K.L.:
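What follows is a single structure, and I will ask about it in a moment.
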Amino acid sequence: MKGRRAIAAAALVAAGSAALWSCRPQGDTTVNAAQLQASNAQFYQEQIRLAREALARQEWEAARQNLEGIVEALPATDPLGAEARAGLAEIAFELGDYQRAMTVAAEVPAGTPHSARALEYRGLAQLFSCDFDAATQTFYQLAEVDPPRGRVWLGVAAAWTGADANADRELTQVVDSYGQSEHAPNARFYLAQLALWQRRAGPAQRRLGELRNGTPDYLTTLDQRAQNWLGRRTHLMRSYFTFDTLSRLSRMSQSQAAVEQDQRADQALQMLQQNPGACAPQVQRLAQARAAGAADREAFAAANRDQDGDGIPDERDRCRDQPETVNGVQDDDGCPEATAAISLEGNQIRFLNNFQINFDTGTADVVAGSQDGIRQIGRFMQSPQYQWIRRIRLEGHTDDVGDAQANEELAMARVRRVMVMLHNEGVDTDRMHPVSYGESRPAVPGTSEEARAQNRRVEIFVEDPPMFGGVRQR
């Protein structure tokens, strides 16, 4: 492949030179370096123009032919070289060559006009290769230069891996802060998907209504795109989730399209099983849940009236306009418990009312208002209802003040402080796994003191058994 690209680069240079020679006056046998450089630059500009047009038509192979030689001929520091690499990253991703997409996208310098595009396709290639930690880190970088685009994909990565509260936070932030942007419909769709995985019909229906009112063609276009992915055998994981969600939404609105969408979801899953690659554990989990869940999907669609979206049908919900608090205390009556402080959303243990485990600036001291919450987590972990939780992961974070390495160490110190406090509440240390992310994963963008206070935090997830795509492994 590299040899062919080198030949293509040489051919491009030769073509540019030939163009200059063909235009020289009769009898003129001299061509100076400046003229040659200008001619080659003009030729590369034309190749980029042709590639842009081919990309707009989704003619991936034609665009790739125009860009490969430029990548070999021009460095990534050259604006055309950077654009060509970003374009090749998009093409490689669309053709399902995720490794190539990651490699060429990584060559685009940060801070250039094409870095956001390269980051997006690098992160998507990592996500679809099931390298979730790398994808999340890339999407955080993308969010710094293109907040709505980066936050949508952060939400998707969080949802796929069971961090439901984080997914809801990221996607809702896009809807609330960038509601008129091109990314808001995606955020609404993934919020509907997340609500369906949580068996919260009310929120799913509300997001579906927002999509139909604000972007009437969104679901039809998405269905067509997913069919295209399926036909090309690319993005099969995303195809599966898309068709699975569309079929559930169709059932809730009594659409006949649900049967075809279910068949396509099954087809995508079968293709994934034939060649799972790095996603083998996740594919196995999805296949098991898919086989066992057909009747459940039908029953859920038939009983989808859920005014408060807490997963308890209105017919047996004692508090139809107030969601249930899932905390081991009367979890089936449909009513919130005033004394509850925490709940389990997906695989994420979160505090209610936006409560967090926060810290004083520059220290591992838990703020006074968070200490009672840690005691509540200790009781939660020892509740008979949650003995199935084998291990939790505690993720430490800081604000952006100070040195990155020092912040990583500070975040770990915060995690270990919380672990000690949980151990004092009776939680075995073998059930806790500490992780530090330092300042690299802010919950709230910005440098205000309010944002920084929220970013100084520890978040807690159920690590074992793991979750993927709304399905928890037993």
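Source: prediction; values computed, not measured.
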K.L.:
So, using ring-ring contact (aromatic ring centres under 6.0 Å, His included) as the criterion, who are the partners of Tyr121 when residues are at least two apart?
P.N.:
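If we apply the ring-ring contact (aromatic ring centres under 6.0 Å, His included) test to Tyr121, skipping adjacent residues, the hits are Phe93.
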
K.L.:
Relative to the ring of His235, is the ring of Tyr98 parallel (under 30°), tilted (30 to 60°) or perpendicular (over 60°)?
P.N.:
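Rings of Tyr98 and His235: parallel, under 30°.
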
K.L.:
Could you walk me through whether Gln99 and Met102 pass the side-chain contact (heavy atoms from CB on, under 4.5 Å) check?
P.N.:
CA-CA 5 Å; Gln99 186 57 53; Met102 288 184 273; 3.8 Å; yes

K.L.:
Starting from the C-alpha separation in whole Å, work towards a yes-or-no answer on salt bridge (charged side-chain N to carboxylate O under 4.0 Å, His left out) for Arg169 and Glu459.
P.N.:
CA-CA 13 Å; Arg169 179 191 70 208; Glu459 296 180 332; 3.2 Å; yes

K.L.:
Begin from the C-alpha positions of Ile48 and Leu67 and carry the test side-chain contact (heavy atoms from CB on, under 4.5 Å) through to its verdict.
P.N.:
CA-CA 7 Å; Ile48 284 287; Leu67 296 177; 3.8 Å; yes

K.L.:
Under a 3.5 Å distance rule, please check whether Thr112 uses its side chain to pair with a backbone N or O of Pro109 as donor and acceptor.
P.N.:
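Yes: the side chain of Thr112 pairs with the backbone of Pro109.
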
K.L.:
Determine, step by step, whether Asp262 and Arg251 satisfy the salt bridge (charged side-chain N to carboxylate O under 4.0 Å, His left out) criterion, reporting the C-alpha distance in whole Å, the side-chain angles of both residues, the deciding distance to 0.1 Å, and the verdict.
P.N.:
CA-CA 10 Å; Asp262 254 337; Arg251 278 190 173 83; 2.6 Å; yes

K.L.:
Would you check if there is a donor-acceptor pair between the side chains of Asp164 and Gln348 at a distance under 3.5 Å?
P.N.:
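No pair is found: no donor N or O on one side chain lies under 3.5 Å from an acceptor on the other.
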
K.L.:
Would you give the length of the straight line joining atom CD1 of Ile374 to atom CE of Met421, rounded to the nearest 0.5 angstrom?
P.N.:
3.5 Å

K.L.:
Evaluate the ring planes of Phe468 and Phe132, with Trp represented by its six-membered ring, and classify them as parallel (under 30°), tilted (30 to 60°) or perpendicular (over 60°).
P.N.:
tilted

K.L.:
Looking at Cys279 and Met237, what are the two nearest heavy atoms and their distance?
P.N.:
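Scanning both residues completely, I find the closest heavy atoms to be CB-CE, 3.8 Å.
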
K.L.:
Please answer whether the main-chain N or O of Ala63 pairs with a side-chain N or O of Arg52 as donor and acceptor at a distance below 3.5 Å.
P.N.:
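No; judged by distance alone, with no hydrogens or angles, the pair does not exist.
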
K.L.:
Using 4.0 Å as the upper bound for N to carboxylate O, is an ion pair formed by Arg85 and Glu83?
P.N.:
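Salt bridge between Glu83 and Arg85, a charged N being under 4.0 Å from a carboxylate O: no.
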
K.L.:
Around atom CD of Glu450, are there more than 12 heavy atoms from other residues, nucleotides or ligands closer than 6.0 Å?
P.N.:
no

K.L.:
Does Arg285 have any salt bridge (Lys or Arg N to Asp or Glu O under 4.0 Å) partners at least two apart in sequence or in another chain, and if so, which?
P.N.:
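Salt bridge (Lys or Arg N to Asp or Glu O under 4.0 Å) check on Arg285 returns nothing, list empty.
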
K.L.:
Donor-acceptor pair, Thr234 side chain versus Leu95 backbone, under 3.5 Å?
P.N.:
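Between the backbone of Leu95 and the side chain of Thr234 there is no qualifying donor-acceptor contact (under 3.5 Å).
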
K.L.:
Just by modelled atom types, is the Asp217 backbone N or O under 3.5 Å from a matching donor or acceptor in the Thr215 side chain?
P.N.:
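Between the backbone of Asp217 and the side chain of Thr215 there is no qualifying donor-acceptor contact (under 3.5 Å).
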
K.L.:
Considering residues at least two apart in sequence or located in another chain, which fulfil the side chain to side chain contact (heavy atoms under 4.5 Å, CB included) criterion with Glu182?
P.N.:
Arg149

K.L.:
Considering residues at least two apart in sequence or located in another chain, which fulfil the side-chain hydrogen bond (donor to acceptor under 3.5 Å, both in side chains) criterion with Arg122?
P.N.:
none

K.L.:
Out of curiosity, Gln58 CD to Glu90 CD, how far, rounded to the nearest 0.5 Å?
P.N.:
8.5 Å

K.L.:
Using every non-hydrogen atom in the two residues, find where Gly402 and Glu439 come nearest and quote the distance to one decimal.
P.N.:
O-OE1, 3.7 Å

K.L.:
Please determine whether a side-chain nitrogen of the Lys or Arg among Glu68 and Arg100 lies less than 4.0 Å from a carboxylate oxygen of the Asp or Glu.
P.N.:
yes

K.L.:
Looking at Leu119, Thr136, Leu124, which one forms a side-chain contact (heavy atoms from CB on, under 4.5 Å) with Trp153?
P.N.:
Leu124

K.L.:
Quick check: closest heavy atoms across Gln227 and Phe243, and the distance to 0.1 Å?
P.N.:
N-CZ, 3.5 Å

K.L.:
Of the non-hydrogen atoms in Leu194 and Ala159, which two are nearest, and what is the gap between them?
P.N.:
CD1-CB, 4.0 Å

K.L.:
I need the Ile91 CD1 to Leu55 CG distance, nearest 0.5 Å.
P.N.:
4.5 Å

K.L.:
Applying salt bridge (Lys or Arg N to Asp or Glu O under 4.0 Å), can you list everything that pairs with Arg472, at least two apart in sequence or on another chain?
P.N.:
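Per chain and number, Arg472 pairs via salt bridge (Lys or Arg N to Asp or Glu O under 4.0 Å) with no residue.
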
K.L.:
Kindly write out the residues that satisfy side-chain hydrogen bond (donor to acceptor under 3.5 Å, both in side chains) with Asp399, not counting sequence neighbours, or none if the list is empty.
P.N.:
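With neighbours one apart ignored, the set is Arg456.
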
K.L.:
Please name all residues satisfying salt bridge (Lys or Arg N to Asp or Glu O under 4.0 Å) with Arg49, sequence neighbours left out, ordered by chain then number.
P.N.:
Glu46, Glu53

K.L.:
Can you see whether Tyr437 has Arg441 sitting over its ring - NZ or CZ less than 6.0 Å from the centre and within 45° of the normal?
P.N.:
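Positive - Arg441 is close enough to the ring of Tyr437 and near enough to its axis.
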
K.L.:
So, using side-chain hydrogen bond (donor to acceptor under 3.5 Å, both in side chains) as the criterion, who are the partners of Glu170 when residues are at least two apart?
P.N.:
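Once residues adjacent in sequence are excluded, the partners of Glu170 under the side-chain hydrogen bond (donor to acceptor under 3.5 Å, both in side chains) criterion are Arg151.
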
K.L.:
If the condition is side-chain hydrogen bond (donor to acceptor under 3.5 Å, both in side chains), which residues does Thr138 pass it with, not counting sequence neighbours?
P.N.:
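Scan of Thr138 (side-chain hydrogen bond (donor to acceptor under 3.5 Å, both in side chains), adjacent residues dropped) gives Gln126.
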
K.L.:
Using only atom types and a distance under 3.5 Å, with no angle test, would you say the side chain of Arg391 pairs donor to acceptor with the backbone of Pro465?
P.N.:
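No, because the side chain of Arg391 does not come within donor-acceptor range (under 3.5 Å) of the backbone of Pro465.
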
K.L.:
Which pairs, with at least one residue in residues 70-123 and sequence neighbours excluded, count as a disulfide (SG to SG under 2.5 Å)?
P.N.:
none

K.L.:
Between Arg290, Arg264, Gln261, Gln193, which is the residue that forms a side-chain hydrogen bond (donor to acceptor under 3.5 Å, both in side chains) with Asp244?
P.N.:
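Checked Arg290, Arg264, Gln261, Gln193 against Asp244; only one passes side-chain hydrogen bond (donor to acceptor under 3.5 Å, both in side chains): Arg290.
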
K.L.:
I'd like to know if the side chain of Arg207 and the backbone of Pro203 have a donor-acceptor N/O pair within less than 3.5 Å.
P.N.:
no

K.L.:
Sub-3.5 Å donor-acceptor pair from the side chain of Arg393 to the main-chain atoms of Val435, do we have one?
P.N.:
no

K.L.:
Ignoring hydrogens and angles, tell me if any N or O in the side chain of Asn213 forms a donor-acceptor pair with the backbone of Gly209 under 3.5 Å.
P.N.:
yes

K.L.:
Do we see a donor-acceptor contact under 3.5 Å between the side chains of Tyr218 and Asn186?
P.N.:
yes

K.L.:
Among pairs that include at least one residue of residues 45-105, which meet disulfide (SG to SG under 2.5 Å), considering only residues two or more places apart or in two chains?
P.N.:
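Residue pairs passing disulfide (SG to SG under 2.5 Å), neighbours aside: none found.
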
K.L.:
Which heavy atom of Val145 sits nearest a heavy atom of Pro147, and at what distance?
P.N.:
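That closest heavy-atom pairing would be C-CD, 3.9 Å.
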
K.L.:
Could you check Val283, Leu286, Leu236 and say which one makes a side-chain contact (heavy atoms from CB on, under 4.5 Å) with Gln273?
P.N.:
Val283

K.L.:
Does Asp78 have any salt bridge (Lys or Arg N to Asp or Glu O under 4.0 Å) partners at least two apart in sequence or in another chain, and if so, which?
P.N.:
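Salt bridge (Lys or Arg N to Asp or Glu O under 4.0 Å) check on Asp78 returns nothing, list empty.
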
K.L.:
Hey, are Arg64 and Glu61 close enough for a salt bridge, meaning a charged N less than 4.0 Å from a carboxylate O?
P.N.:
yes

K.L.:
Just wondering, do Phe461 and Ile349 contact through their side chains at under 4.5 Å, heavy atoms?
P.N.:
no

K.L.:
Where is the tightest heavy-atom contact between Ala278 and Cys130, given as atom of each residue plus distance?
P.N.:
O-CB, 4.1 Å

K.L.:
Under a 3.5 Å distance rule, please check whether Asn455 uses its side chain to pair with a backbone N or O of Pro442 as donor and acceptor.
P.N.:
no

K.L.:
With side-chain contact (heavy atoms from CB on, under 4.5 Å) as the criterion, how do Glu408 and His397 come out once you've worked through the C-alpha distance, each side chain's angles and the decisive distance to 0.1 Å?
P.N.:
CA-CA 8 Å; Glu408 188 168 338; His397 304 268; over 6 Å; no

K.L.:
Would you give the length of the straight line joining atom CE of Met412 to atom CG of Leu394, rounded to the nearest 0.5 angstrom?
P.N.:
10.0 Å

K.L.:
Would you please indicate if the ring centroids of Phe241 and Trp197 are separated by under 6.0 Å?
P.N.:
yes

K.L.:
Is there a donor-acceptor pair under 3.5 Å between the side chain of Ser177 and the backbone N or O of Val174?
P.N.:
no

